[in-house]
Number of protein chains: 2
Amino acid sequence: MAEVVNIKRLAQELNISIATVSKALNDSYEISLKTKNRVWTLAKELNYTPNPAASNLRSHKTKTVAVIIPCVANNFFSLSIKGIEEIARQYGYHVLIYQTHENIEAEVAFTNSLLNGRVDGILTSVSSSEYNSEYYTKLVKKIPLVFFDRVYENLDAVKVTTDDYEIAFQATEHLIECGCTKIAYLYGLENLPAGKARFAGYLDALKTHGIAADEQPVVKYQDDEELNLQHIKELLRKYKPDALFSSIEEFIIPAYCACREMNLKIPNDVKILSFSNLSTAKLLSPSLTTISQPAFEIGREAAKSLFKILNNKQLDDEQNIILKSVLTKRESTGC
Amino acid sequence: MAEVVNIKRLAQELNISIATVSKALNDSYEISLKTKNRVWTLAKELNYTPNPAASNLRSHKTKTVAVIIPCVANNFFSLSIKGIEEIARQYGYHVLIYQTHENIEAEVAFTNSLLNGRVDGILTSVSSSEYNSEYYTKLVKKIPLVFFDRVYENLDAVKVTTDDYEIAFQATEHLIECGCTKIAYLYGLENLPAGKARFAGYLDALKTHGIAADEQPVVKYQDDEELNLQHIKELLRKYKPDALFSSIEEFIIPAYCACREMNLKIPNDVKILSFSNLSTAKLLSPSLTTISQPAFEIGREAAKSLFKILNNKQLDDEQNIILKSVLTKRESTGC
DNA sequence: AAGCTAGGCGAAAACGTTTACGTAATTAAA
DNA sequence: TTTAATTACGTAAACGTTTTCGCCTAGCTT
């Protein structure tokens with residue numbers, strides 16, 4: 001009863017060899033259906049499940065992937081993980097989580113610690129603190145890797161991103177159509193392609209509409225809510241913009257608070273628009289115009305690509321999967 | 001160069017036995033400092049990291065824990081995971097994530113799949129669909145397990161919870177002090193101790209203040225936002241309550257929407273108060289009075305307890321760790 | 001009847017560690 | 001000086017699988 005249940009035990013009870021049991025469990029063609037059935041029924045009866053460590057050791061497959069992200073307590077990333085986990089379940093994979101807290105050293109340390117066979121592949125959305133592409137250039141040769149949202153470009157790896165440039169362009173045009181001419185930019189992810197693309201979309205939209213771009217005031221994100229609040233207030237005081245374009249969700253609270261503290265009415269005095277996956281955007285006061293990324297789908301697509309690679313399936317030609325974001329116009333831009 | 005780097009390789013290069021290398025790497029007292037240093041420097045030089053599968057197989061330690069929760073895309077759970085992950089890093093543990101989507105069968109299936117030595121312990125917040133304590137009674141004997149927030153009572157396991165009864169009592173009193181007499185209850189987690197405690201706190205507060213409790217209307221949570229909206233609207237129409245006490249975050253959006261659609265002003269016509277970890281509660285229109293649970297700390301405490309168990313440290317007498325929630329009064333209750 | 005083929009199975013090595021135990025050399029105790 | 005204890009290291013088994021290779025039998029083909 002207390003006896004351990006492993007392949008050896010199954011073999012003994014059935015009076016066959018452990019090799020046969022192993023093959024039967026893996027549905028090998030070498031084993032007759034009759035024997036397979038005997039093995040399967042006994043395995044179920046004894047509640048046998050293979051020991052993962054032994055299996056990994058021998059087969060070099062772990063059925064595990066790692067997700068490395070800045071922080072799980074974030075609407076975008078928690079939704080991505082939800083998507084990843086859902087696909088992982090379908091493929092029978094396990095999901096390990098690592099948070100970098102935007103620290104490149106932690107990111108590298110975690111990643112390195114996974115190269116000893118702990119996982120079969122990695123899904124990552126890189127930290128914003130630095131852009132260290134030498135490291136990742138080497139890394140992608142060592143282990144199957146898929147980037148999502150925050151990527152390194154020009155690498156031989158699948159990258160799942162969104163139409164940052166286009167949607168930022170479109171959103172900026174929306175503000176211009178609402179009559180804004182002094183649109184300030186709340187700048188996040190400045191070291192990353194996503195952040196740069198958003199900013200470029202914003203600048204190009206201004207240029208297209210004949211608004212001098214280099215005079216547009218910018219606040220860069222700091223990891224300190226109070227500091228961001230101060231900077232935005234300063235921005236509002238000095239430049240008196242008629243709109244704030246926030247490129248990351250983290251600016252929403254300080255932006256709203258700054259307007260309140262300075263008695264500026266949204267959207268009459270200042271219009272606000274932000275990249276965000278906040279589910280309560282429509283309940284804010286006033287409701288917030290958002291660019292929402294399909295975080296859940298990004299997670300799903302990234303996971304699907306990785307599992308295709310791990311199962312040696314042909315990837316659909318393209319290494320760059322680009323999903324569309326959605327601009328939802330609400331009261332904060334006068335809609 | 002391409003040669004694999006494992007203990008055997010280290011042993012060869014240093015002309016010592018693999019046993020010595022293994023012991024040196026594990027800082028065994030049997031090995032001289034001189035030898036240890038030779039091993040450590042070579043290991044660092046060759047970028048050696050032990051193969052986890054081999055190590056697990058032999059030592060029956062995985063340095064891995066599983067977190068089983070309903071859904072990661074939820075403010076409470078994503079914060080909890082953040083806390084768990086942070087402690088796990090300190091202890092050098094890895095964290096696996098599994099989502100049950102409130103499905104008890106998935107929950108049991110995941111848990112069972114972890115009993116073959118894949119993890120050293122489990123952190124779980126159980127699904128709300130059913131209360132199946134026989135299963136968990138057996139389970140806690142098989143593997144170190146810590147419950148957080150959503151627990152099974154009367155089991156020999158650490159449980160990290162919050163003061164649900166007290167804070168619900170206090171919140172209800174707050175509504176009564178605001179002049180409410182017809183307080184409707186939006187009921188979630190009804191199968192779980194947390195849900196029952198919240199409801200009991202609400203009922204007892206009413207009783208204490210001489211309000212007939214059994215006439216209070218209740219809406220029970222369904223996994224369908226549209227349905228919840230309809231039910232709340234129906235509730236508002238039929239019973240004309242002067243307050244809504246929402247026991248879970250998921251009721252916030254339908255509650256606000258219902259009031260808007262029925263042209264009821266918050267807080268003048270209806271006051272609203274909800275359990276919630278929404279970071280933007282203060283930005284809602286109107287800002288929302290919340291009971292926020294210390295989700296991050298709950299995760300941290302749960303993880304700490306588990307790692308103490310795994311490291312055979314003495315647990316501080318008590319198996320029930322109860323943290324305090326915070327009632328933040330805002331405009332939605334007229335504050 | 002001899003030779004072949006294929007199907008079904010088993011023996012044994014291997015994966016990379018950890019660890020119980022043995023042993024030699026050195027040191028301490030008698 | 002002999003004996004006991006200690007230190008430092010090695011041998012080899014074990015963890016539970018997977019997989020290569022080979023064997024045996026039964027059924028065919030000539």
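So you know, we letter chains A, B, ... as the sequences are listed, proteins then strands, and number each from 1. Note that the structure is predicted; figures quoted are calculated from it, not measured.
- The existence of a salt bridge linking E102(A) and R150(A) is confirmed by a sub-4.0 Å separation between a basic side-chain nitrogen and an acidic carboxylate oxygen.
- Between dT17(C), dC15(D), dT17(D), one nucleotide has an atom nearer to the side chain of P50(B) than all others, and that is dT17(C).
- Judged purely by atom type and a 3.5 angstrom limit, T62(A) uses its side chain to pair as donor or acceptor with the backbone of D120(A).
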Enumerate the protein-to-nucleotides 5-8 of chain C contacts in which both atoms are nitrogen or oxygen and the separation is below 3.5 Å.
none

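- Judged by closest nucleotide on DNA chain C, L57(B) is the one of T20(B) and L57(B) placed further toward the 5' end.
- Annotation: ring pair (Phe, Tyr, Trp, His ring centres under 6.0 Å) contacts involving residues 25-81 of chain B, sequence neighbours excluded, are absent.
- Closest to the side chain of S17(B), from the set dG10(D), dT17(C), dA11(C), is dG10(D).
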Output side-chain donor-acceptor pairs under 3.5 Å for residues 135-148 of chain B, partner residues at least two apart or in another chain, one line each.
{"unit_1": "Y135(B)", "atom_1": "OH", "unit_2": "N112(B)", "atom_2": "OD1", "d": "2.7"}
{"unit_1": "Y136(B)", "atom_1": "OH", "unit_2": "E107(B)", "atom_2": "OE2", "d": "2.6"}
{"unit_1": "T137(B)", "atom_1": "OG1", "unit_2": "S133(B)", "atom_2": "O", "d": "2.5"}

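- Under 4.0 Å is where a charged nitrogen must lie from a carboxylate oxygen, and between E13(B) and R9(B) at least one such pair does.
- Along DNA chain D, the nucleotide closest to K23(B) and the one closest to A53(A) are compared, and the more 5′ of them pairs with K23(B).
- The 5' end of DNA chain C is approached more closely, in terms of each residue's nearest nucleotide, by V21(A) than by the other of V21(A) and N26(B).
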In sequence, state the C-alpha distance, the side-chain angles, and the governing distance for V160(A) and D149(A), and then conclude on side-chain contact (heavy atoms from CB on, under 4.5 Å). CA-CA 6 Å; V160(A) 181; D149(A) 193 48; over 6 Å; no
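- Of the listed nucleotides (dG16(D), dA12(D), dT17(C)), dG16(D) has the atom at the smallest distance from the side chain of N51(A).
- For the pair H60(B) NE2 and dT17(D) P, the interatomic distance rounds to 11 Å; values are reported in whole Å.
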Please lay out, stage by stage, how Y91(A) and K63(A) fare under the test side-chain contact (heavy atoms from CB on, under 4.5 Å). CA-CA 9 Å; Y91(A) 282 78; K63(A) 280 280 179 182; 5.8 Å; no
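- Dashed line: the shortest gap from a side-chain N or O of S22(A) to OP1 or OP2 of dT18(D) is under 4.0 Å.
- One N or O donor and one acceptor, one from the side chain of R58(A) and one from the base of dT18(D), sit under 3.5 Å apart.
- Taking atom CG of residue N15(B) and atom C1' of nucleotide dA8(D), one finds them 16 Å apart after rounding to whole Å.
- For I18(A), counting side-chain heavy atoms from C-beta on, the closest listed nucleotide (dA11(C), dA13(D), dT17(D)) is dT17(D).
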